[in-house]
Number of protein chains: 2
Amino acid sequence: MQDAHNRPYHHGDLRRAVIETALDMLREEKNWQFTLREVARRAGVSHAAPYKHFPDKAALLAELAMIGFDWLRASLSAAKPKAPKSLRDEIAPVAHAYVAFGTDNPALYRLMFSAGEEKAAGMHLNERALAVFDVALEILRRGQAAGSIRKRPIEGQAAAWWGLVHGMTMLAIEGLLVPEKVGSAPLDAALSTLVEGLETLAT
Amino acid sequence: MQDAHNRPYHHGDLRRAVIETALDMLREEKNWQFTLREVARRAGVSHAAPYKHFPDKAALLAELAMIGFDWLRASLSAAKPKAPKSLRDEIAPVAHAYVAFGTDNPALYRLMFSAGEEKAAGMHLNERALAVFDVALEILRRGQAAGSIRKRPIEGQAAAWWGLVHGMTMLAIEGLLVPEKVGSAPLDAALSTLVEGLETLAT
DNA sequence: GCGCTTAAGTAGTCACTGTCAACAATGTAT
DNA sequence: ATACATTGTTGACAGTGACTACTTAAGCGC
């Protein structure tokens, strides 16, 4: 980054710098196996410096995952149309935003869902993860109130939505949704099926 | 396993032994970060011996993943009822078998879908993976022929099924399908929605 | 200004990993 | 028997996460 001699001894804001560097690297390489030392190297700092800010490698991972969930949630909210005409008009854009987030940031997305087993941090992580579930929940709740969705425990339906988009995202990241096997727009097809299963029969 | 002195110099069938040992360890520990040396140790063999049978750690991983896909496919076939009365009767058991496989063998399942980027082996791996997709495809094809499913490109529907069960499996493994947020039987709820989206309107 | 505490860096070490090359024991073809 | 290919073993290498001890800079009351 800069010469070692004119760089101040104290980085100033290394915590943030470490996080940003890690995010950059996650963004750049689809499959990067995370190493603390490489992050430190690239941040222009000694290999042990990050330990002053994170007790653990897992702690940094958990933090990154939390940021990822916040981004995801924000991008879902942004994709939600203000004046939806139908249930599908509301669900489809959000689902597309979800999958797009995953395929645009594959390394980060994978990290978010495999950080597992971080004892303490795991709790907070799950909270953040369930926040994206809540986005779906809210859409469906409104849809049910408007009468366009069957009266049925809504949590299961939201779980269906989450499972579907999460699964499609993962499969897409892994390159398993090849068009010649799966059609040209599998997500749209899947969403059609899902929405039609959600809707009330009378239309 | 046995004393070093009475064990013959040549193992006899080390390739298989390595695979079996690795599978055992995957089965035992939900989160095991795979190390070749530990496998070798446990197989009672020196740390470099496996390299005579696998060019690479990735090669062993790919082989394990392929075995996993074969198992999964077999367990799906076994779950398929011989004389299904309805589409749901055929889809639901298979979906349950799918998720059960994943939650019963979390480490293996995760490995199967994150082995990514193994150049050559990746091709064969994807073939095996798509074989489970074919199971769904066949069920739906028969359903459509019998007239219980809408006439629509069937690949997209199969992708919907795969995405759904894969996503639910992953979320379940990661402990994200907590009942208090998501209801008691999220998979059943999700399947109901999916099946109803698949079915023809006339019933 | 001056000395003090302390946060934020450094270097060095440890046990561990994947991988490779050199060597040894075993089986097999000639 | 003798040469050879196979399949083990040992020992080394660089790179990793984690930890420690040391050093440096910054901020503080006085």
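Below, each value reflects all heavy atoms present in this structure, side chains not excepted, and no hydrogens, waters or symmetry copies.
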In chain order, what residues pass the ring pair (Phe, Tyr, Trp, His ring centres under 6.0 Å) check against A:Phe69, with sequence neighbours excluded?
-> A:Phe113
Contacts under 3.5 Å, N or O only, protein and nucleotides 11-13 of chain C:
unit_1, atom_1, unit_2, atom_2, d
C:dG12, O6, A:His47, NE2, 2.7

Per atom distances to the B:Leu36 side chain, the nearest of C:dG18, D:dT16, C:dT17 is C:dG18
Please list, chain by chain and in numerical order, all residues satisfying side chain to side chain contact (heavy atoms under 4.5 Å, CB included) with A:Ala189, sequence neighbours excluded.
-> none
Specify the separation, in whole Å, of atom [atom1] of [X] and atom [atom2] of [N].
X: B:Asp56; N: C:dT17; atom1: CG; atom2: C1'; answer: 14 Å
X: B:Arg41; N: D:dT9; atom1: CZ; atom2: P; answer: 14 Å
X: B:Leu14; N: D:dG8; atom1: CG; atom2: P; answer: 5 Å
X: B:Tyr51; N: D:dC13; atom1: OH; atom2: P; answer: 17 Å
X: B:Lys57; N: C:dT19; atom1: NZ; atom2: P; answer: 7 Å

If you look only at pairs with a residue in residues 26-62 of chain A, which of them pass as a ring pair (Phe, Tyr, Trp, His ring centres under 6.0 Å), with sequence neighbours excluded?
->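 As it turns out, the ring pair (Phe, Tyr, Trp, His ring centres under 6.0 Å) pairs with a partner in residues 26-62 of chain A, which skip direct neighbours, are A:Trp32-A:Phe34.
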Give every residue pair that meets the ring pair (Phe, Tyr, Trp, His ring centres under 6.0 Å) criterion with at least one member in residues 137-158 of chain A, sequence neighbours excluded.
->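 Output for this query is empty, none listed.
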Checking all strands, does B:Lys52 fall into the base, sugar-phosphate, or nothing category for heavy-atom contacts under 4.0 angstrom?
->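 Base, at least one base heavy atom under 4.0 Å.
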Would you indicate what B:Phe54 reaches in the nucleic acid, counting non-hydrogen atoms under 4.0 angstrom: base, sugar-phosphate, or nothing?
->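 Since no nucleic acid heavy atom lies under 4.0 Å of B:Phe54, the category is nothing.
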With nearest nucleotides of DNA chain C determined for A:His53 and B:Pro55 from heavy-atom distances, which residue corresponds to the more 5′ nucleotide?
-> A:His53
Aromatic rings B:His166 and B:Tyr109: how do their planes relate, parallel, tilted or perpendicular, breaks at 30° and 60°?
-> tilted
Could you list all the salt bridge (Lys or Arg N to Asp or Glu O under 4.0 Å) pairs where at least one residue sits in residues 63-74 of chain B, not counting sequence neighbours?
->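 Of all non-adjacent pairs touching residues 63-74 of chain B, those that pass salt bridge (Lys or Arg N to Asp or Glu O under 4.0 Å) are B:Arg15-B:Glu63, B:Asp70-B:Arg128.
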